[in-house]
Amino acid sequence: ESCRLMPAVKADAYGHGAALIAKELCALGVNAFCVASAWEGAALRESGIKGEILVLGYTSPHQVHLLTTYDLIQTAVDCAHAHALNEASYYPIKIHIKLDTGMHRLGERSDHIQELASIFACEKLQILGTFSHLCVADSQKMEDILFTKLQISAFFKTIEQLKEQGLNPGKLHLQSSYGVLNYPDLPLNYARFGIAMYGCYSSPEPELSRKLPLRPVLSLH
């Protein structure tokens, strides 16, 4: 009950029109979104979208003015990025910390506790959340299920270690579409629903399709 939707409207809402989709979601009571870049977040603000907008990708310290001007939440993609943002800004920046729990694309490694703790010491960073990404949550192969469970365990272990140091990791989120569909019971604050929200599966899953039949929201006539 405490989990809120944070729909992914990146890449122009997967081609559906980011402003159009975000406005409809706002009308349905959704007030948190995630995008790929600061420019995408700025475009949503220019279209009148309120609420929280999380930038999932890297934003250069030279572009911090976009974050503060448009009231965006920036992902700290690793410790060095967080410190660079802190040094570059004259104003407080809202941050979610990305943990690398096994995908090895973005994020500070989840076992780098002291490096992560140093981010909380940055005076101009306002830590509002911490998250990671379950990279094979769509798979029903046993090795992928075990790997996903290892990712989940690593995430919550890091959160507990930060709390033990008196640090507040803020709002927590792990699940994108398949994380919600296959691992729905995690005690988290946001769910980053993406492709499934648009009525599509990213790969054929007959069992899942029967369990939750989706209808595409876009059609061509």
Side-chain angles (χ1 to χ4, degrees), residues 1-11 13-14 16 18 21-22 25 28-36 40-41 51-57 73-77 95-110 116 127-160 162-163 169-205 207-214 217:
E1 292 184 1
S2 64
C3 188
R4 298 163 54 198
L5 286 178
M6 182 187 276
V9 291
K10 59 187 178 180
Y14 295 35
H16 296 78
I21 294 293
L25 288 166
L28 294 170
V30 175
N31 58 5
F33 305 92
C34 48
V35 296
E40 288 184 349
E52 303 170 13
I53 299 177
L54 171 65
V55 178
L56 295 173
I73 305 171
Q74 173 60 40
T75 293
V77 302
I95 292 289
H96 279 209
I97 298 173
K98 176 75 178 285
L99 301 182
D100 176 11
T101 54
M103 188 174 184
H104 306 317
R105 186 167 69 186
L106 293 176
E108 187 66 40
R109 278 185 47 167
S110 59
L116 290 166
I127 313 300
L128 299 180
T130 305
F131 73 102
S132 189
H133 182 66
L134 304 176
C135 54
V136 289
D138 60 328
S139 173
Q140 292 302 300
K141 295 179 180 178
M142 183 52 63
E143 60 266 32
D144 290 334
I145 291 173
L146 292 174
F147 183 77
T148 299
K149 290 181 177 179
L150 283 174
Q151 283 193 279
I152 293 169
S153 176
F155 179 79
F156 284 110
K157 180 180 178 181
T158 299
I159 295 302
E160 287 307 310
L162 291 173
K163 288 181 177 179
K171 303 291 186 180
L172 308 178
H173 46 113
L174 268 176
Q175 303 140 301
S176 54
S177 289
Y178 280 92
V180 173
L181 297 174
N182 292 328
Y183 304 88
D185 298 324
L186 301 177
L188 298 163
N189 302 110
Y190 294 112
R192 303 186 307 268
F193 228 57
I195 188 71
M197 185 180 69
Y198 302 100
C200 303
Y201 289 106
S202 59
S203 58
E205 293 280 352
E207 184 177 337
L208 195 55
S209 297
R210 286 193 295 270
K211 180 181 175 183
L212 186 67
L214 299 178
V217 301

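If you're wondering where the values come from, they're calculated on a predicted model, not measured in any experiment.
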inquiry  = Looking at every heavy atom in both Pro7 and Val30, which two are closest together, and how far apart are they?
reply    = CD-CG1, 3.5 Å
task = In sequence, state the C-alpha distance, the side-chain angles, and the governing distance for Thr75 and Phe131, and then conclude on side chain to side chain contact (heavy atoms under 4.5 Å, CB included).
result = CA-CA 9 Å; Thr75 293; Phe131 73 102; 3.4 Å; yes
remark   = Tightest non-hydrogen contact, residues Ile195 and Ser177, listed as N-OG, 3.2 Å
remark   = So CG of Leu150 and CG of Leu134: to nearest 0.5 Å the spacing works out to 11.5 Å
Salt-bridge criterion met for Lys171 and Glu52 (N-O under 4.0 Å) = no
inquiry  = So which atom in Ser139 and which in Asp144 form the shortest heavy-atom distance, rounded to 0.1 Å?
reply    = OG-OD2, 2.7 Å
ask   = Which word best sums up how the rings of Tyr198 and His16 line up, parallel for under 30°, tilted for 30 to 60°, or perpendicular for over 60°?
value = parallel
task = Report yes if the side chains of Lys141 and Val136 come closer than 4.5 Å at any heavy-atom pair, otherwise no.
result = no
Atom pair CG/CG of Leu5 and Leu25 - distance to nearest 0.5 Å = 8.5 Å
query = Looking only at atom types and distance, does a side-chain atom of Ser132 sit under 3.5 Å from a main-chain N or O of Leu99, one as donor and one as acceptor?
reply = yes
key: For Met197 against Ala8, the heavy-atom pair lying closest together   = CE-O, 4.2 Å
Heavy-atom donor-acceptor pair, Gln151 side chain to Leu146 backbone, under 3.5 Å = no
ask   = When you measure from the side chain of Asp138 to the backbone N and O of Tyr178, does any donor-acceptor pair fall under 3.5 Å?
value = no
query = Do Phe156 and Thr101 come within less than 4.5 Å of each other through their side chains, counting heavy atoms only?
reply = no
query = By side-chain contact (heavy atoms from CB on, under 4.5 Å), which residues pair with Ala36, not counting sequence neighbours?
reply = Lys10, Glu40
Check: Leu116 and Ile97 side chains under 4.5 Å, non-hydrogen atoms = yes
ask   = Does any non-hydrogen side-chain atom of Leu212 lie less than 4.5 Å from one of Tyr201?
value = yes
query = Residues in side chain to side chain donor-acceptor pair (under 3.5 Å) with Gln175, at least two apart?
reply = none
task = Test side chain to side chain contact (heavy atoms under 4.5 Å, CB included) on Gln140 and Ile145 and set out the steps.
result = CA-CA 6 Å; Gln140 292 302 300; Ile145 291 173; 4.2 Å; yes
request  = Please report the closest heavy-atom contact between Ala22 and Phe33, naming both atoms and the distance.
outcome  = O-CZ, 3.7 Å
inquiry  = Between Ser110 (side chain only) and Ala154 (backbone N and O only), is there a donor and an acceptor less than 3.5 Å apart?
reply    = no
remark   = dist Ile53:CD1 -> Cys34:SG (nearest 0.5 Å) comes out at 10.5 Å
request  = Report the distance from atom CG of Leu181 to atom CG of Leu214, rounding to the nearest 0.5 Å.
outcome  = 7.0 Å
Candidate list Val55, Leu56, Leu128, test side chain to side chain contact (heavy atoms under 4.5 Å, CB included), partner His96, passing option = Leu128
ask   = Atom CZ of Arg4 and atom CG of Leu188: how far apart are they, to the nearest 0.5 Å?
value = 13.5 Å
ask   = Minimum heavy-atom separation for Ala137 to Gly179, with atom names?
value = CB-N, 4.0 Å
note = Value for OG1 (Thr148) from OH (Tyr183), rounded to nearest 0.5 Å, stands at 4.0 Å
query = Is Leu172 close to Phe155 at the side-chain level, that is, under 4.5 Å between some pair of heavy atoms?
reply = yes
message = Taking side-chain contact (heavy atoms from CB on, under 4.5 Å) as the definition, give me every residue that meets it alongside Ala18, ordered by chain and number, with sequence neighbours left out.
response = Asp12, Ala13, Leu44
